[in-house]
Novice: 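Sharing a structure below in structure tokens format, with a few things to ask.
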Protein chains: 2
Amino acid sequence: MDFVGFEKHDHTICIGDLIARAEAVCRENNLQFTASRRRVLEILAETHKAMGAYDILDRLAQEGRGSQPPVAYRALDFLVRHGFAHKIEHLNAYIACAHPHGCHAPAFLICRACDAVAETAWTPKIGGLGQAARGAGFSIERTVIEATGLCPRCDVEPRA
Amino acid sequence: MDFVGFEKHDHTICIGDLIARAEAVCRENNLQFTASRRRVLEILAETHKAMGAYDILDRLAQEGRGSQPPVAYRALDFLVRHGFAHKIEHLNAYIACAHPHGCHAPAFLICRACDAVAETAWTPKIGGLGQAARGAGFSIERTVIEATGLCPRCDVEPRA
DNA sequence: GCGCAGAACGTTACAACATAACGGATTGCC
DNA sequence: GGCAATCCGTTATGTTGTAACGTTCTGCGC
């Protein structure tokens, strides 16, 4: 299992890759990757931190793309629905998908000091939990796996 | 791993056990198990469904215990902080702890049809995730593990 | 019992997060 | 060109959660 988010890396590649992937998927599936949706994904992709819907809305408003909540929420719904972004339930915030390739039941490591978020791919029916759920007769459709704590940098030097 | 919540059971025992346990823990640790806190725990314990803070507040208001949000949130904070209740992040709702004995990194199965919630005890550093997190240098302090889907009853007969 | 410190409470006010509903514009398709 | 479906912009409102302040209660040393 690998994580994305805490290591230094060439971030322009992250962004380019993500956008390109989204474009391709939309083309294949006849989804409309509209200007607003694209822009929201770009904004999310600028950072590996989770952003609130209203943070995004502020950005859109600055750019003259409309200033009311539904503008942001609709784009986010689309991105989340199709796996281009994820919602961090614990923070009521959104983040670009860090694994645009392949399927998805992501898990997140959230640093409570610097708000960085790392994402990992996760086996579809999470080891023990999936098995136990089936044992209980429960059929899992979606999972929320979020761990809060300190990332490598903040663990060493608090207030990084 | 076992779950609590979907099976039929003598619910008065659930409640009694939970309250008694909370009382004991508070006595041992010099925590004030005040009337409001106890009442909120009782309200939560009446059902294996998650309740919103404002649902609880309504109940408290009916009983003349104060009608402003902080009344409910303060009691809930206390209960969650000391492990007598949990917050279901996915629902922004709260539920009584179903495993008042022993330590805690709980996982939840949430039925999207009937809103029942089952809780399981979980190994402290969740199998693969904990290991991978340590590998990445991340120290986990708290986990949110929530699976949404259909419980045994709703899976068979939708709209139960 | 008295006085103090810390915790808990009640209330006002507000901040943050999210959606319903409507009409107009755009897109894909025949 | 016309139709259906989708998307967009806006108004309004609903839901969830906190900051802050003064009062009351509780535990505790005297």
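Letters go in sequence order (proteins before strands), and every chain restarts at 1.
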Novice: Tell me the interatomic distance from A/Arg65, atom CZ, to D/dC7, atom C1', rounded to whole angstroms.
Specialist: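 In whole Å, D/dC7 C1' and A/Arg65 CZ are 14 Å from each other.
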Novice: Starting at atom CG of A/Asn29, determine the distance to atom P of C/dG28, rounded to an integer number of angstrom.
Specialist: 15 Å
Novice: Closer than 3.5 angstrom, by distance alone: can the side chain of A/Asp58 be matched with the main-chain N or O of A/Asp55 as a donor-acceptor pair?
Specialist: no
Novice: Any side-chain heavy atom of A/Ile110 sitting closer than 4.5 Å to one from A/Asp115?
Specialist: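 They are not in contact (no side-chain heavy atoms under 4.5 Å apart), so the answer is no.
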Novice: Can you check the A/Ile88 CD1 to C/dC17 P distance for me, whole Å?
Specialist: 14 Å
Novice: Can you list everything that forms a side chain to side chain donor-acceptor pair (under 3.5 Å) with A/Arg37? Sequence neighbours excluded, please.
Specialist: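 A/Arg37 satisfies side chain to side chain donor-acceptor pair (under 3.5 Å) with no other residue.
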Novice: Pairs under 3.5 angstrom only: tabulate donor-acceptor contacts from the side chains of residues 75-86 of chain A to other protein residues two or more places apart or in another chain.
Specialist:
from    : atom 1 : to       : atom 2 : distance (Å)
A/His82 : ND1    : A/Phe78  : O      : 3.0
A/His86 : NE2    : A/His104 : NE2    : 3.3
A/His86 : NE2    : A/Glu119 : OE2    : 3.1

Novice: Quick one: hydrophobic cluster around B/Val144, which other residues, with the 4.5 Å side-chain cut-off, linked directly or via members?
Specialist: A/Val144
Novice: For DNA chain C, determine which residues of residues 36-47 of chain A have any heavy atom closer than 4.0 angstrom to one of its atoms, and list them numerically.
Specialist: none
Novice: Find the distance A/Leu57:CG to C/dT19:P and express it as a whole number of Å.
Specialist: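 A/Leu57 atom CG is separated from C/dT19 atom P by 14 Å.
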Novice: For B/Ala93, which residues count as a side chain to side chain contact (heavy atoms under 4.5 Å, CB included) partner, sequence neighbours excluded?
Specialist: B/Ala50, B/Leu91
Novice: I'd like to check the side chain to side chain contact (heavy atoms under 4.5 Å, CB included) partners of B/Asn29; sequence neighbours left out, ordered by chain and number.
Specialist: B/Val25, B/Leu31
Novice: Would you mind reading off the distance between A/Phe78 atom CZ and D/dA5 atom C1', rounded to a whole angstrom?
Specialist: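 One finds 15 Å between C1' of D/dA5 and CZ of A/Phe78, rounded.
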Novice: Show me the donor-acceptor pairs, under 3.5 Å and distance only, between side chains in residues 61-68 of chain A and residues at least two apart or in other chains.
Specialist:
from    : atom 1 : to      : atom 2 : distance (Å)
A/Glu63 : OE1    : A/Arg39 : NE     : 2.9
A/Glu63 : OE2    : A/Arg39 : NE     : 3.3
A/Glu63 : OE2    : A/Arg39 : NH2    : 3.0

Novice: If I take atom CZ in residue B/Phe33 and atom P in nucleotide C/dA8, what distance separates them, rounded to the nearest angstrom?
Specialist: 13 Å
Novice: Could I get the full list of side chain to side chain donor-acceptor pair (under 3.5 Å) partners for B/Arg74, not counting sequence neighbours?
Specialist: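 Scan of B/Arg74 (side chain to side chain donor-acceptor pair (under 3.5 Å), adjacent residues dropped) gives none.
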Novice: For the helix from C/dG1-D/dC30 to C/dC30-D/dG1, figure out the bend between the end axes, five pairs an end, and round to 10 degrees.
Specialist: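 Both end axes considered, the difference amounts to 40°.
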Novice: Filter on ring-ring contact (aromatic ring centres under 6.0 Å, His included), then keep only pairs touching residues 11-32 of chain B, sequence neighbours left out; what's left?
Specialist: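 ring-ring contact (aromatic ring centres under 6.0 Å, His included) check on residues 11-32 of chain B returns B/His9-B/His11, B/His11-B/His48.
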Novice: Under 4.0 Å between a side-chain N or O of A/Thr34 and OP1 or OP2 of D/dC8?
Specialist: yes
Novice: Can you check the A/Met51 CE to C/dC17 P distance for me, whole Å?
Specialist: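 Those two atoms, CE and P, are 12 Å apart.
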Novice: For nucleotides 13-30 of chain D, just jot down a letter per nucleotide in 5' to 3' order: B, S or -, based on protein non-hydrogen atoms under 4.0 Å.
Specialist: ---BBBBB-----S----
Novice: A/Asn92: which residues meet the side chain to side chain contact (heavy atoms under 4.5 Å, CB included) condition with it, sequence neighbours left out?
Specialist: A/Lys87, B/Asn92
